[in-house]
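Structure first, then comments.
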Protein chains: 2
Amino acid sequence: MSRPLPDLSIRQLEYLVAVAGSPTWATAAAAVGVSPSALSQGLAELERRVGVPLFDRIGRRRVVRPGVETVLAHARQVVALTGDLAEWADRTRDGAIGRLRVGMIDAAVVGHFPEVLREFRSQHPHIDMHLAVAPSGSLLDGLTAGAIDMVVCVQPPSPVRGIDTVPLLVEDLAVYGPDERVDSPPTDWGPWVMFPEGSHTRSVIVDALRNLGSPIEIVAESHQPEVLRAVVGLGLGWTVLPVVQGRGSGPGLTRGRVIACRRLVVAKRHGAAVVPSVDLLERALRRDRA
Amino acid sequence: MSRPLPDLSIRQLEYLVAVAGSPTWATAAAAVGVSPSALSQGLAELERRVGVPLFDRIGRRRVVRPGVETVLAHARQVVALTGDLAEWADRTRDGAIGRLRVGMIDAAVVGHFPEVLREFRSQHPHIDMHLAVAPSGSLLDGLTAGAIDMVVCVQPPSPVRGIDTVPLLVEDLAVYGPDERVDSPPTDWGPWVMFPEGSHTRSVIVDALRNLGSPIEIVAESHQPEVLRAVVGLGLGWTVLPVVQGRGSGPGLTRGRVIACRRLVVAKRHGAAVVPSVDLLERALRRDRA
DNA sequence: TCTTACAGTTAAGAAAAACTGAACTAGTCT
DNA sequence: AGACTAGTTCAGTTTTTCTTAACTGTAAGA
């Protein structure tokens, strides 16, 4: 049943609406901002394409025939819908509305950017924003799968296919131990309580410790810094944490030297279109860093 | 508020709908019957005009972004509306539906074309038909005013500005008198009961009588032939009627010679578009005459 | 009746848009 | 690696649409 649709242009439908609402075609032409000739030709073309006579000549002017309200109604409706779409596009383009699926690691959410996120939320209430907090690896999985539009995570040890990363900030990783032994030489450190195997941060840490000559014995693992801190507090071992998550020292938790740093990046799908709302958030994050 | 609307073409919206419903753009291109290249360029243009990114690249294929359902919904709606319009146009074009405002003089309705009208009505039940029955003069007024699309009436004595007439049929006008005196010489005829001043038929009749040398004294007037016949039956005078309306002779009503003829014409506004439903009726009338 | 003004159309040419086929780029599959 | 394939870009052609200018037909004054 899909015979070729008449290829009416929005422009022509606009002409028709304008003509129906103007005393004379010349004024209608002025209203839509074209020459009377263009209007005349455009409407002739519209009439030809619809294949049904649309106008009557009355004296020296032409009027929309009674009996073609169907067409006129169609024109009005399409023009109105297009107007709505244009408005939607305008607002979407400057980020006033839109959909935003972000993934961030915990440190970014609670450590670095809580204020940025709060402010973004209040300044763009019409952006439909979802925030996924998870380890870098699963965030990047979500990104490739298309469930997330933008990720703030630890720079992957090796580039990931289909994902572009841009540096965002560098943060220090410090040793945390149960007491002042944290100031002893690295060879005396440990055992360790650490992020699980596969964690980007863990690979950074393990590399650094190896370089320092520290023995690497791991007695507990968790993705949650709070858990790691607590375990250290129980005296079961040492850990290495981003300083934003170490919160200085405390009872049973003493901060030692900075032994490495990890790079947080903004990751997006390779070739992903620039979406205003996403772009807006990324700018906000970078602005905060500066 | 009337910033220029984006000039989206129906065609481009069709592309979008096709792409959303096809596994691959190539198949979508085939579905709408254009080359993949055309589809690609068309959609790129659409995206440019809307001003908002519409697609994501996933692997080597492109998919409609989540978040632009707004645009997709708009496209679907407009395409559907256009389909409806196309269907309406098809049916209107071959006269299956439409609006039809006809004016006819009484003789045409009850004398010449009752069968044609009845059949037309039953064969085209979806044509919204209105029939106005009135004297020729007021029908033509209605025609110029645009209230009527087509008129069957007596040919006006002189051409009417803005109205085109095409002959339809010629009918005889006969003298009717109270008794066999109708066969006497014209100089003995009368007095007359006649259509009112201004009637086209009356001017035809008066001309004919004058040529025959009959005295023209008018004692009663009516637009209604039944009334004229009745008045003649009462013995108040003579009349001249189209033979279809004299219905032969009767008590107190004797038919005499044919003294003139009047031309019925089909009248339309000058420059009026050919509307299928109107055209259809006119053809039916002419077919009946042949 | 002649002139003038006006509403809309037609004509000619320029500019923009859309299409096709061919060459090309970049993921995917084997 | 090599063949394949989805989609894009390019070049050239056709189609559409616009502008200006000349033209037709109607209305309105003088």
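By convention in this document, chain letters (A, B, ...) are assigned in the order of the sequence lines, proteins followed by strands, and residues within each chain are numbered from 1. Everything numeric in this text was worked out from a predicted model, so none of it was measured.
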Any chance you could measure B/Arg99, atom CZ, to A/Thr70, atom OG1, to the nearest 0.5 Å?
10.5 Å

Any donor-acceptor pair under 3.5 Å joining the side chain of [X] to the base of [N]?
X: A/Ser9; N: C/dA17; value: no
X: A/Ser37; N: D/dT20; value: yes
X: B/Gln41; N: C/dT20; value: yes

Among [options], which nucleotide sits nearest the side chain of [X]?
X: A/Ala26; options: D/dT8, D/dA6, C/dG8; result: C/dG8
X: B/Val34; options: C/dT20, D/dT19, D/dT17; result: C/dT20
X: A/Pro36; options: C/dT9, D/dC18, D/dT8; result: C/dT9

Would A/Phe55 and A/Trp25 satisfy ring pair (Phe, Tyr, Trp, His ring centres under 6.0 Å), going step by step from the backbone distance to the final call?
CA-CA 12 Å; A/Phe55 305 102; A/Trp25 286 30; 5.1 Å; yes

Within the structure shown, what part of the strands sits under 4.0 Å from [X] by heavy-atom distance: base, sugar-phosphate, or nothing?
X: B/Ala38; answer: base
X: B/Thr24; answer: sugar-phosphate
X: B/Arg48; answer: nothing

Trace of the side-chain contact (heavy atoms from CB on, under 4.5 Å) decision for A/Val151 with A/Val102
CA-CA 6 Å; A/Val151 158; A/Val102 221; over 6 Å; no

Does D/dT8 have its OP1 or OP2 closer than 4.0 Å to a side-chain nitrogen or oxygen of B/Ser40?
yes

Counting only side-chain nitrogens and oxygens, does A/Tyr15 get under 4.0 Å of the OP1 or OP2 atom of D/dC18?
yes

Once you round it to whole Å, what is the distance between [atom2] of [N] and [atom1] of [X]?
X: B/Asp7; N: D/dC18; atom1: CG; atom2: C1'; answer: 12 Å
X: A/Leu8; N: D/dT17; atom1: CG; atom2: P; answer: 10 Å
X: B/Arg61; N: C/dC29; atom1: CZ; atom2: P; answer: 9 Å

Does A/Arg283 have any side chain to side chain donor-acceptor pair (under 3.5 Å) partners at least two apart in sequence or in another chain, and if so, which?
A/Asp279

Taking the inter-plane angle between the rings of A/His223 and A/Phe195 on a 0 to 90° scale, is it parallel (under 30°), tilted (30 to 60°) or perpendicular (over 60°)?
tilted

